[in-house]
Amino acid sequence: MESALDHLECSRCGTRRSHDELVNLCSCGGPLLARYDLSRAARTMTRAAVGERPPTMWRYREILPPGEPVTLGEGMTPLVPAKRLGALLGLADLWVKDEGIQPTGSFKARGQAAAVTRARALGAKTLAIPTAGNAGGALAAYAARAGLACVVAMPADTPAANVLECRALGARVELVDGVITDCGAYIARKAQDHGWFEVSTLKEPYRIEGKKTMGIELVEQLGALPDVVVYPAGGGVGLIGMWKAFDELEKMGWIGRQRPRMVAVQAAGCAPIVRAFERGAEEAEPWERPETIATGLRVPRALGDRLMLEALRESGGTAVAVSDEEILAAARELGRTEGIYAAPEGAATVAAVRRLREAGWLEEDARVVVFNTGSGMKYAEAWRRACSATGP
Ligand SMILES: *Cc1c(COP(=O)(O)O)cnc(C)c1O
Ligand SMILES: [Zn+2]
């Protein structure tokens, strides 16, 4: 089995690019997407064949980028039935996809494993990234594993756990006054002069490829797609990735035309996608003064805004903003009922499900998958607040 990668295609203007050189965005500014020869991939990537392969995301090798995988065993996380939490929320068929146990404690591992694999194969020497926290930790880990240098720019108020993790994994850390978009400007400025390869969200084509594997795992684990997928969206890599994977799986004969309703959850203090969705807009305006305890959701402007909004609308899904108070209360509910020590971003999906159920948007018997995207262990400050808050 080998990768059936064929070319890159601009998600905005459709221009094709060769996949065998290091490249960021299309010249029109649009994110590039990986396109495969899916009929070739389907010959070896059958459900039966994949079922026999080791339980990492590299079991989907045919539709991942080529190169010797740089891996820490990422992928194939548990899909946990959440009966007790479901009973609390009035849902009979609720599941938690628990990404908290990934290498580096978040699902960013999937994207960075794919990106670093491809970048190393194409000769990159130094990888650079702006990050709210977890993407930097994951990049530092996979760069170390690949023997490449790594530069990480983070907001100065990023939780200590993320800063220390990057340093521990050998990255050079730059603390920037501002939010992730300011870090992005910093990296973009320096990258040219220093010959760094930028691995920023959607500026790099293969992080999506790593994260899309979450969607393929759902099909393997449930035997079919769920009715609803509830995802905490910052840059939207996972949402866009899973949506892309479903198309690929249909073309490969794994699934039919049905799709889950895709739900993007954001924090009330930074909800550009929710606002754009509610306005019926095709793209999102940048959010002023983003603020939330769920640091992975503190993304005021996303390059993938159009792709996210398209997936939400085409799937008949929706977008929901929840407050930090709701997030902290939901985190405790998830912990107390299911034994999952969640990241606040993951808890946000539980808060959103509560809202959607109360509003009647979710039916009692809908099969709903929420994503816990990271481990609570990286969020001591958030958890201190959650545990000092009063209430159940
Ligand atoms: C980065 C991050 C998110 C947002 O992920 P995107 O795919 O970029 O939208 C959510 N949760 C956690 C824990 C994160 O680190
Ligand atoms: Zn283009």
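Start at 1 and go down the list; that is how both ligands and their atoms are numbered.
- For Cys10 atom SG and Cys26 atom SG, the angle they make at the Zn ion (ligand 2) is roughly 110°, to 10 degrees.
- Proximity to Val237 (heavy-atom distance under 4.0 Å) selects the following atoms of ligand 1: 6 (P), 7 (O), 8 (O), 9 (O).
- Short contacts between ligand 1 and Gly234, defined as distances under 4.0 Å to a heavy atom of the residue, involve ligand atoms 4 (C), 6 (P), 9 (O).
- Donor-acceptor pairing under 3.5 Å is lacking for the side chains of Tyr60 and Glu248.
- In this structure, a donor-acceptor pair under 3.5 Å is present between the side chains of Gln221 and Lys97.
- Taking all heavy atoms of Tyr231, Phe371, Phe107 into account, the minimum distance to atom 7 (O) of ligand 1 is reached by Tyr231.
- Residue contacts with ligand 1 include Lys211, since one or more of its heavy atoms lies under 4.0 Å from the ligand.
- The distance from ligand 1 to the heavy atoms of Ala233 drops below 4.0 Å at these ligand atoms: 9 (O).
- Donor-acceptor pairing under 3.5 Å is recorded for the side chains of Arg110 and Thr77.
- Residue-to-ligand polar distances keep Gly296 apart from ligand 1: every N/O pair is separated by 3.5 Å or more.
- At a 3.5 angstrom cut-off on N or O pairs, Gly236 counts as close to ligand 1.
- Inspection of the Tyr206 and Gln112 side chains reveals no N or O donor paired with an N or O acceptor under 3.5 Å.
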Evaluate the criterion salt bridge (Lys or Arg N to Asp or Glu O under 4.0 Å) for residue pair Glu198 and Arg207; output intermediate values, then yes/no.
CA-CA 12 Å; Glu198 288 183 69; Arg207 282 173 61 188; over 6 Å; no

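- With hydrogens and angles left out, the side-chain atoms of Glu74 and Trp58 include a donor and acceptor closer than 3.5 Å.
- Both Ile255 and Val229 sit in one connected hydrophobic cluster of ILVMFWY residues. Membership requires side-chain heavy atoms under 4.5 Å apart, directly or through other members.
- Side chains of Thr292 and Asp324: a donor on one and an acceptor on the other come within 3.5 Å.
- Near Asn134, meaning under 4.0 Å from any of its heavy atoms, are these atoms of ligand 1: 13 (C), 14 (C), 15 (O).
- Taking every heavy atom of Tyr379 and a limit of under 4.0 angstrom, the matching atoms of ligand 1 come to 13 (C).
- No side-chain donor from either of Arg261 and Ser315 sits under 3.5 Å from a side-chain acceptor of the other.
- Protein heavy atom at the shortest distance from atom 14 (C) of ligand 1 is Lys108 NZ, 3.0 Å.
- The protein atom (non-hydrogen) at minimum distance from atom 13 (C) of ligand 1 is Thr373 OG1, 3.3 Å.
- The protein heavy atom nearest to atom 8 (O) of ligand 1 is Gly235 N, 3.2 Å.
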